[in-house]
Amino acid sequence: MVVAIDGPAGCGKSTVAKILAERLHLTFLNSGSFYRGITLALLRAGIDLKDEQKVLDFARGLNLDYVNSHLFLEGEDVEDLLHTDQVDAYAAQVSAIVPLRHIVNEKIREVTKSLSIVCEGRDMTTVVFPNAEHKFYLDASIDVQAQRRFNQGVSDLSLEEIKESIRKRDEIDKNKAEGALKIAPDALYIDTSHLTIEEVCEIMTRKIQN
């Protein structure tokens, strides 16, 4: 079974997906981790992110694994390094490269051949798993998105700077040539701005189990 969740940053996707996966005894998979892992590797290697061919050649040779909801890059657990300000600043740019999306999508689909998953990202319901059994689109106001990110305590940016960063990222995500952030016609839309995590999980659990 595939439970696919899309939505912008700060709408609670990762938290909700992890809880759902635990409740339903499914594997949690964060598609963004793959792009963030590749971005981290590119930055470490000093690859020019504007040189698409170099980026693709480098990405194809990377060893990426997903074990127990953690991303492993060349055998190193990099889960705690994926949400730094530096990776945040470039992840959307990297994930906008269309051929790179094909590489990552195949890696994600490979995982689901042997596992039932709850996956979240930007185009899970529209591109990666258009035939998913259950589809959800989570949303939140820009102010709520920024406040949640700020409260995580992983950024050195001010609240206003985080808000501007999210605004720019969402703009890139919504205008990608492929895999753009949009609401699938058959996805259940949930505005999480004024809902608790538990309330969102309840809505989704009822929908899945009905």
Side-chain angles (χ1 to χ4, degrees), residues 1-9 11-22 24-42 52 55-83 87-88 90-138 169-170 172-174 176-184 186-188 204 208:
M1 179 170 75
V2 173
V3 178
I5 306 168
D6 285 328
C11 65
K13 295 192 308 295
S14 293
T15 305
V16 166
K18 285 174 186 172
I19 294 172
L20 277 181
E22 201 170 296
L24 302 170
H25 307 293
L26 306 174
T27 297
F28 165 68
L29 192 150
N30 181 342
S31 70
S33 293
F34 286 88
Y35 295 107
R36 286 174 173 275
I38 291 169
T39 303
L40 175 65
L42 288 164
E52 192 171 301
V55 168
L56 289 173
D57 289 343
F58 182 78
R60 284 193 187 97
L62 284 177
N63 178 19
L64 291 169
D65 281 318
Y66 209 75
V67 182
N68 296 328
S69 301
H70 278 232
L71 187 82
F72 283 75
L73 172 65
E74 303 297 340
E76 175 193 357
D77 184 347
V78 294
E79 193 66 30
D80 292 338
L81 305 174
L82 301 181
H83 293 277
V87 172
D88 264 1
Y90 296 104
Q93 177 185 337
V94 170
S95 68
I97 300 171
V98 172
L100 183 67
R101 299 193 70 80
H102 297 165
I103 294 169
V104 171
N105 288 348
E106 279 312 306
K107 287 181 181 292
I108 293 171
R109 290 186 189 113
E110 274 297 315
V111 171
T112 63
K113 287 181 180 176
S114 58
L115 294 169
S116 288
I117 66 164
V118 177
C119 59
E120 56 100 346
R122 297 294 196 276
D123 62 348
M124 294 295 100
T125 63
T126 54
V127 175
V128 186
F129 298 111
N131 299 315
E133 289 88 340
H134 302 284
K135 297 182 183 181
F136 299 93
Y137 186 99
L138 304 190
R169 182 175 167 187
D170 284 351
I172 291 172
D173 284 339
K174 287 174 180 176
K176 283 174 181 169
E178 189 174 311
L181 175 61
K182 57 186 176 184
I183 306 169
D186 54 346
L188 177 65
M204 296 171 76
I208 292 167

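Just the heavy atoms: all of them, side chains too, but no hydrogens, waters or symmetry mates, feed the values below.
- Under the rule for a side chain to side chain donor-acceptor pair (under 3.5 Å), the partners of Asp77 that lie at least two apart in sequence or sit in another chain are His70.
- The two residues Cys119 and Val2 have their closest heavy-atom pair at SG-CG1, 4.1 Å.
- Phe58 CZ: more than 12 foreign heavy atoms inside a 6.0 Å radius.
- Among residues two or more places apart in sequence or in another chain, the salt bridge (Lys or Arg N to Asp or Glu O under 4.0 Å) test is passed with Glu76 by Arg44.
- With sequence neighbours excluded, no residue forms a salt bridge (Lys or Arg N to Asp or Glu O under 4.0 Å) with Glu52.
- In this structure, Leu24 CG and Ile117 CD1 are separated by 13.0 Å, a value rounded to the nearest 0.5 Å.
- Within a 6.0 Å radius of CD in Glu22, other residues, nucleotides and ligands contribute 12 heavy atoms or fewer.
- Residues Ser14 and Glu120 have side chains that bring a donor and an acceptor to within less than 3.5 angstrom of each other.
- Ion pairing of Arg101 with Asp123 is present here, as a side-chain N (NZ or NE/NH1/NH2) and a carboxylate O approach within less than 4.0 Å.
- One N or O on the side chain of Tyr66 and one on the backbone of Asn30 form a donor-acceptor pair closer than 3.5 Å.
- Using modelled atom types, one finds no donor on one side chain facing an acceptor on the other under 3.5 Å when comparing Thr126 with Lys135.
- Here the straight-line distance linking atom CD1 of Ile208 with atom CG of Leu26 works out to 7.5 Å at 0.5 Å rounding.
- Remark: Arg109 engages Glu106 in a salt bridge, criterion side-chain N to carboxylate O under 4.0 Å.
- One finds no salt bridge joining Arg122 and Asp6 here, because no Lys/Arg side-chain nitrogen approaches an Asp/Glu carboxylate oxygen to under 4.0 Å.
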